[in-house]
Amino acid sequence: MFNQLDKAITLNLLKCFRHLAQAAARIACAVVSVLGILFISAANAVAPIHDGIQIQQTPKQYAKANLSIDDYKCAIELYTKESNWRPKAKNGPHYGIPQGRSIYLKTADPIAQVKWGIKYVDARYGSMCQALTHFKTKGWH
């Protein structure tokens with residue numbers, strides 16, 4: 001009698017553990033899926049997300065977030081003189097906020113234009129402040 005009772009209890013416990021294991025596996029799958037979506041979304045985000053709402057970032061905000069404070073101040077002055085931060089600005093063969101010669105800037109969105117400008121300035125002058133100094137000296141950069 002004890003043997004049958006022991007067997008019944010063991011079977012019931014195994015059934016309970018099986019259900020718990022299946023539930024835990026489902027929860028783990030859901031958590032991993034949500035984390036994966038969050039990491040992928042974060043990697044591809046073009047603007048910060050706050051409480052699930054995408055916040056639009058201006059070109060100036062992008063520059064501020066990606067430059068040192070000194071270079072940001074220089075970028076403000078340089079791009080204000082070049083284009084007044086207008087993405088559609090054109091001066092001869094020069095386009096966009098950074099007034100670059102790349103035809104890409106003609107159709108690029110404002111954030112992409114600032115990204116391009118930062119890369120260009122870093123490669124050519126080393127910093128926004130050095131580009132601004134060159135601009136003040138030569139009238140162009």
Side-chain angles (χ1 to χ4, degrees), residues 2-141:
F2 285 114
N3 197 13
Q4 242 178 339
L5 184 61
D6 189 35
K7 185 178 179 181
I9 290 172
T10 302
L11 288 175
N12 280 336
L13 284 174
L14 285 174
K15 191 186 278 187
C16 284
F17 285 133
R18 188 177 309 122
H19 289 294
L20 288 173
Q22 288 171 344
R26 285 188 199 111
I27 290 170
C29 245
V31 168
V32 168
S33 297
V34 168
L35 288 174
I37 291 168
L38 289 174
F39 284 128
I40 289 170
S41 296
N44 292 324
V46 293
I49 296 177
H50 180 67
D51 292 335
I53 300 169
Q54 189 173 20
I55 300 167
Q56 293 300 325
Q57 197 174 34
T58 67
K60 287 181 184 178
Q61 290 169 331
Y62 177 83
K64 188 174 187 178
N66 289 280
L67 295 169
S68 69
I69 189 67
D70 290 335
D71 274 344
Y72 172 68
K73 289 175 184 176
C74 291
I76 290 290
E77 187 175 345
L78 181 63
Y79 289 165
T80 298
K81 290 179 183 211
E82 285 280 25
S83 66
N84 204 21
W85 290 86
R86 291 177 300 121
K88 299 287 184 196
K90 183 177 185 296
N91 183 15
H94 302 91
Y95 300 99
I97 294 169
Q99 287 294 284
R101 282 189 145 208
S102 173
I103 199 81
Y104 162 77
L105 295 171
K106 196 173 189 178
T107 58
D109 67 77
I111 300 294
Q113 289 182 8
V114 174
K115 282 182 190 177
W116 184 95
I118 290 171
K119 285 181 185 176
Y120 171 80
V121 163
D122 282 346
R124 181 159 179 143
Y125 302 100
S127 74
M128 281 289 175
C129 291
Q130 288 173 326
L132 179 61
T133 299
H134 185 273
F135 180 86
K136 287 178 176 179
T137 304
K138 307 278 187 180
W140 57 272
H141 82 90

Any sub-3.5 Å donor-acceptor pair from [X]'s side-chain atoms to [Y]'s backbone N or O?
{"X": "Gln99", "Y": "Trp140", "answer": "no"}
{"X": "Gln113", "Y": "Ile97", "answer": "yes"}
{"X": "Asn84", "Y": "Arg86", "answer": "no"}
{"X": "Asn91", "Y": "His94", "answer": "no"}

Side-chain heavy-atom pair Tyr95, Thr107 within 4.5 angstrom cut-off: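 A side-chain contact is absent here, since even the closest heavy-atom pair is not under 4.5 Å.
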
Does the side chain of Lys64 reach to within under 4.5 Å of the side chain of Ile76, using non-hydrogen atoms?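 Result no, sub-4.5 Å side-chain heavy-atom pair not found.
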
Looking at every non-hydrogen atom in both residues, tell me the closest pair between [X] and [Y] and how far apart they are.
{"X": "Tyr72", "Y": "Lys60", "value": "CE1-O, 3.3 Å"}
{"X": "Tyr104", "Y": "Ala112", "value": "OH-CB, 3.2 Å"}
{"X": "Ser83", "Y": "Gly96", "value": "CB-O, 3.5 Å"}
{"X": "Ala131", "Y": "Leu78", "value": "CB-CD2, 4.0 Å"}
{"X": "Trp116", "Y": "Ser102", "value": "CZ2-CB, 3.7 Å"}
{"X": "Leu67", "Y": "Ala75", "value": "CD1-CB, 3.8 Å"}

Spatial distance of atom [atom1] ([X]) from atom [atom2] ([Y]) [nearest 0.5 Å]:
{"X": "Tyr79", "Y": "Ile118", "atom1": "OH", "atom2": "CD1", "answer": "6.5 Å"}
{"X": "Leu105", "Y": "Lys88", "atom1": "CG", "atom2": "NZ", "answer": "11.5 Å"}
{"X": "Leu132", "Y": "Asp71", "atom1": "CG", "atom2": "CG", "answer": "10.0 Å"}

Heavy-atom neighbours of Lys90 NZ exceed 12 at 6.0 Å: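 Yes.
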
Lys81/Glu77 salt bridge by N-O under 4.0 Å criterion: yes

Classify the angle between the aromatic ring planes of His134 and Tyr125 as parallel (below 30°), tilted (30 to 60°) or perpendicular (above 60°). tilted

